[in-house]
Protein chains: 2
Amino acid sequence: MSPRRVTLADVAKAAGVSRTTASLVLSGRGRELRISQDVEQRVLRAADELQYRPNIVSVGLRTGSSRTIGFVSDTVATTRLAGDMIKGALEAARERGFMLFIGETEGDAELERLLLQAMHDRQVDGLILASMFTRTIKVPKAITAGPAVLLNALPKQPTPLPAVLPDEVEAGRRAARVLLDAGHRDGIYLIGAGPGLRNVPSESLAAVERLVGIREALGEAGVKVAGARTCPDWQPEYGLAATQDLLRTVQPRALICFNDRIAMGAYQALDDLGLKVPADVSVVSFDDHPIASWVRPRLTTVALPHYELGRKAVDVLFTEIERDRADTEEVGQVHRVPMPVRSRESVAPSPTADSLD
Amino acid sequence: MSPRRVTLADVAKAAGVSRTTASLVLSGRGRELRISQDVEQRVLRAADELQYRPNIVSVGLRTGSSRTIGFVSDTVATTRLAGDMIKGALEAARERGFMLFIGETEGDAELERLLLQAMHDRQVDGLILASMFTRTIKVPKAITAGPAVLLNALPKQPTPLPAVLPDEVEAGRRAARVLLDAGHRDGIYLIGAGPGLRNVPSESLAAVERLVGIREALGEAGVKVAGARTCPDWQPEYGLAATQDLLRTVQPRALICFNDRIAMGAYQALDDLGLKVPADVSVVSFDDHPIASWVRPRLTTVALPHYELGRKAVDVLFTEIERDRADTEEVGQVHRVPMPVRSRESVAPSPTADSLD
DNA sequence: AGCGGGCGCTAACCCGATTTAGCAACGGAG
DNA sequence: CTCCGTTGCTAAATCGGGTTAGCGCCCGCT
């Protein structure tokens with residue numbers, strides 16, 4: 001069928017040298033091992049002419065490195081946002097000549113075990129354990145064997161694994177600052193969580209951290225949260241219900257929605273009452289879901305940097321792989337990736353703002 | 001660091017037999033090769049106790065099969081819809097004990113070449129070449145070497161490669177039938193393409209095929225397309241503009257939008273004029289983008305079966321791999337995956353419908 | 001001439017499995 | 001008792017590279 005692959009032996013024969021010599025030249029160690037210029041050229045030319053490419057499977061068997069990393073997620077590959085995470089990881093890996101194995105566990109521990117095993121069987125050089133939502137996960141002990149990184153997740157039990165996460169606290173601060181910069185001081189309500197740190201959906205790290213950031217930034221400006229409504233799940237229908245409930249008693253100047261889906265519900269609740277965004281109510285949110293730039297007015301939101309998260313995870317994994325060789329001891333560090341504000345049309349200056357500055 | 005992997009040699013030693021015997025037993029060929037029950041049990045027990053798992057890299061080197069397939073796409077991993085494609089492929093592959101290499105070309109031919117090379121270097125057993133949009137692609141000659149399948153794409157030049165595609169013609173028929181079943185006979189307009197087969201964005205297979213299906217189904221019912229507006233790109237803003245343009249001259253009873261993003265624009269244009277969906281105008285569309293079930297009224301749409309497409313591609317690839325071994329000659333077949341109708345609230349019975357049947 | 005040493009290259013082993021060819025032991029037939 | 005055919009297992013080659021140890025040769029020195 002396909003003409004048999006060109007092997008090192010073919011190159012060696014064509015160049016009239018031994019396999020050893022060919023190997024040395026091609027791995028760049030020819031210089032230090034005093035291979036003559038003449039032979040070096042002959043080997044290089046032969047390799048080029050035959051279009052030789054080393055068989056990575058073979059190299060993998062001998063050296064133990066398959067130039068491959070495993071990307072295991074709960075269900076991350078399925079969502080648009082998280083697809084970017086994979087894309088970032090893919091590109092960062094490619095730049096180093098590595099490929100990615102993808103696997104989804106669907107939250108099934110047994111599936112996860114099998115998947116990790118399958119990757120281990122293929123001698124992956126490292127693993128990225130990714131989560132769809134930012135949360136704490138139980139780290140399967142199977143992965144403590146080799147280099148690994150948690151992505152968008154923190155270990156439930158203390159482990160030496162490094163983790164890569166979006167900087168949600170700073171994101172909360174930024175969301176608040178968007179409103180503060182627009183002159184808002186009063187009538188700022190939260191939809192999805194708060195106002196206190198106990199009024200937060202469990203399991204969701206993002207909720208807590210965003211809330212902390214929001215309160216910090218507002219607090220520093222001497223501004224108080226006017227009120228809040230929680231949502232059992234961060235879906236549009238709950239955002240709608242929560243906002244409707246809020247609007248029954250007060251008229252807010254600004255809403256900080258805990259994600260874009262909630263904001264969709266809020267938009268609808270406001271629209272139903274004839275309230276205009278942003279003239280009557282400013283809205284700021286989190287995630288930068290694609291829908292945020294589709295709705296009118298387009299939603300100002302603090303973006304989850306999925307692409308960068310993916311890249312960063314690979315970067316950290318590679319330092320981990322290096323470290324493994326160097327045998328340096330170090331604790332599992334937490335890396336935070338900044339979440340950028342996407343300024344769009346859902347925020348307007350507060351009508352009550354001082355025009356002093 | 002990690003306790004060295006258990007190898008076949010370890011199992012053999014523990015069972016007190018040779019590696020050959022252990023291999024024979026574990027590969028299930030012990031029976032036909034007359035290994036005694038006693039030895040068989042000893043080997044199996046040793047393997048079990050040591051938790052032996054064969055090193056697939058090694059098996060790959062020896063047998064040429066890495067139990068891995070490559071999934072190369074233009075940019076498919078990034079979108080929500082297409083993520084499902086990967087998920088389908090992932091699961092179908094996993095059921096057979098295969099893993100997936102993922103790669104994105106970004107439409108860059110050079111990148112594609114490198115990616116295919118990298119996969120070839122890792123001895124993938126087969127390749128899936130996927131496209132984000134249904135379209136014709138130039139098949140890189142690098143892949144003709146091994147088994148391969150086109151996914152969501154047709155080859156530009158004739159090749160022996162099989163292809164897996166959504167059944168867009170039937171989808172067009174189904175969309176039309178949704179309206180026909182609701183009693184619509186008049187005032188059916190198309191947004192995105194048509195009315196003639198020449199009024200179609202180039203490169204888009206889906207446009208042509210959906211249009212063909214629509215015209216067939218309507219034609220069979222003796223119904224004519226009342227008119228159409230094309231869109232330079234199938235994005236909400238163009239859907240908005242096209243629908244606004246349409247509404248300047250006529251009031252439609254029903255719209256068939258060529259995808260959900262166009263339908264979003266159409267929704268807005270109708271809303272701007274105070275027209276209610278579905279009371280005044282029924283809307284049916286294609287793709288089943290997540291947004292279709294978020295908007296109110298939820299959009300009736302003919303779904304792209306991404307998950308099934310991914311599964312099917314893997315299925316076809318495996319028959320291709322078998323075929324490769326059997327050396328059977330056969331042409332590149334085109335497999336069509338049905339597109340299901342998601343009936344929601346954007347279609348109402350025609351007010352002019354005969355109430356006879 | 002004999003010896004030491006650097007230079008340039010290669011033989012041989014290794015990674016972890018599969019697979020081919022064949023060897024010892026045993027039983028039954030002649 | 002010898003010969004042959006099974007039965008039950010194993011030695012060795014193989015896949016395609018990386019790596020270690022070391023071999024021959026030429027040179028210069030004494």
Side-chain angles (χ1 to χ4, degrees), chain A residues 2-44 46-47 50-67 120-123 125 325, chain B residues 2-44 46-47 50-68 97 120-123 125 325:
Chain A
S2 52
R4 195 183 51 78
R5 253 186 103 89
V6 175
T7 72
L8 186 61
D10 298 328
V11 174
K13 182 142 57 123
V17 299
S18 72
R19 282 195 352 259
T20 306
T21 305
S23 173
L24 290 175
V25 169
L26 292 173
S27 60
R29 308 210 302 131
R31 279 287 147 66
E32 59 183 283
L33 280 165
R34 323 166 295 213
I35 301 292
S36 68
Q37 298 276 338
D38 173 49
V39 166
E40 180 174 35
Q41 286 309 312
R42 288 215 312 273
V43 170
L44 290 177
L50 295 174
Q51 299 208 57
Y52 168 71
R53 314 214 76 229
N55 180 331
I56 296 196
V57 174
S58 169
V59 175
L61 180 58
R62 180 64 229 250
T63 65
S65 160
S66 55
R67 304 187 69 73
H120 196 210
D121 291 349
R122 286 170 177 77
Q123 294 199 168
D125 295 310
R325 279 202 275 274
Chain B
S2 51
R4 197 184 51 76
R5 252 189 104 88
V6 175
T7 73
L8 185 62
D10 298 329
V11 174
K13 182 144 55 129
V17 299
S18 71
R19 288 201 335 268
T20 307
T21 305
S23 172
L24 255 29
V25 169
L26 292 173
S27 60
R29 309 208 304 130
R31 280 285 147 65
E32 60 184 280
L33 281 166
R34 325 164 292 212
I35 301 291
S36 68
Q37 299 273 339
D38 172 48
V39 167
E40 181 175 32
Q41 287 308 313
R42 288 216 312 275
V43 171
L44 290 177
L50 296 174
Q51 300 207 58
Y52 168 71
R53 314 215 74 230
N55 179 329
I56 296 196
V57 175
S58 170
V59 175
L61 179 59
R62 180 65 229 248
T63 66
S65 161
S66 55
R67 303 189 70 72
T68 296
H120 196 211
D121 291 347
R122 285 168 176 79
Q123 294 198 165
D125 294 311
R325 279 203 273 275

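Only this structure's heavy atoms are used, side chains among them; waters, hydrogens and symmetry mates stay out. Protein chains get the first letters and strands the later ones, always in sequence-line order, with residue 1 at the start of each.
- One interatomic measurement links the two molecules: NZ of A/Lys13 to P of C/dT10, which rounds to 15 Å at whole-angstrom precision.
- Separating the CG atom of A/Leu61 from the P atom of C/dT18 is a distance of 12 Å, rounded to the nearest angstrom.
- Judged by distance alone, the side chains of A/Ser18 and A/Thr21 do bring a donor and an acceptor atom under 3.5 Å apart.
- Between atom CZ of residue B/Arg62 and atom OG of residue B/Ser23 there is a gap of 10.0 Å, rounded to the nearest 0.5 Å.
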So which protein nitrogen or oxygen atoms get under 3.5 Å of nucleotides 22-27 of chain C's nitrogens or oxygens?
none

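- From B/Leu61, atom CG reaches atom OG of B/Ser66 across 11.5 Å, with rounding to the nearest 0.5 Å.
- A/Thr21 comes within contact range of at least one nucleobase, with a heavy-atom separation under 4.0 Å.
- When all heavy atoms are compared, the tightest approach of B/Leu26 to B/Ala47 is CD2-CB, 3.9 Å.
- If you measure from atom CG of B/Asp121 to atom C1' of D/dG16, you get 13 Å, rounded to the nearest angstrom.
- Pairing each heavy atom of B/Arg53 with each of B/Arg5, the nearest pair is O-NH2, 3.0 Å.
- Phosphate proximity of D/dC9 to B/Ser18: absent, as no side-chain N or O sits under 4.0 Å from OP1 or OP2.
- Scanning residues 52-59 of chain A for heavy-atom distances under 4.0 Å to DNA chain D yields A/Tyr52, A/Arg53, A/Pro54, A/Asn55, A/Ser58, A/Val59.
- For the OP1/OP2 pair of D/dT7 and a distance below 4.0 Å, the side-chain nitrogens and oxygens of B/Ser36 include no atom meeting the criterion.
- B/Glu40 has its CD atom 13 Å from the C1' atom of D/dG8, to the nearest Å.
- A donor-acceptor pair is defined here as one N or O able to donate and one able to accept, closer than 3.5 Å; no such pair exists between the side chain of B/Arg122 and the backbone of A/Asn55.
- The CD1 atom of B/Ile35 sits 13.0 Å away from atom CD of B/Gln41, with the distance rounded to the nearest 0.5 Å.
- B/Arg19 places no side-chain N or O within donor-acceptor distance of the main-chain N or O of B/Ala9, the cut-off being under 3.5 Å.
- Judged by distance alone, with hydrogens and angles left aside, the side-chain atoms of A/Gln123 form a donor-acceptor pair with the main-chain N or O of A/Gly60 at under 3.5 Å.
- One interatomic measurement links the two molecules: NE2 of A/His120 to P of C/dG16, which rounds to 12 Å at whole-angstrom precision.
- In this structure, A/Asp121 contributes its side chain and B/Ile56 its backbone to no donor-acceptor pair below 3.5 Å.
- The interatomic distance linking A/Arg29 (CZ) with C/dG8 (P) rounds to 17 Å, in whole Å.
- Here the C1' atom of nucleotide C/dC9 and the CD1 atom of A/Ile35 are 6 Å apart, to the nearest Å.
- Remark: P of D/dT7 and CD of B/Gln37 are 14 Å apart, rounded to the nearest angstrom.
- Residue A/Ser23 is in base contact, counting any heavy-atom pair closer than 4.0 Å across all strands shown.
- Of all heavy-atom pairs between A/Val17 and A/Val43, the closest is CG2-CG2, 3.9 Å.
- The structure places OH of A/Tyr52 at 9.5 Å from CG of A/Asp10, a figure rounded to the nearest 0.5 Å.
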Between the protein and nucleotides 12-14 of chain D, list every N/O to N/O distance that falls short of 3.5 Å.
unit_1: D/dA12; atom_1: N6; unit_2: B/Thr20; atom_2: OG1; d: 3.3
unit_1: D/dT14; atom_1: O2; unit_2: B/Arg62; atom_2: NE; d: 3.4
unit_1: D/dT14; atom_1: O2; unit_2: B/Arg62; atom_2: NH1; d: 2.8

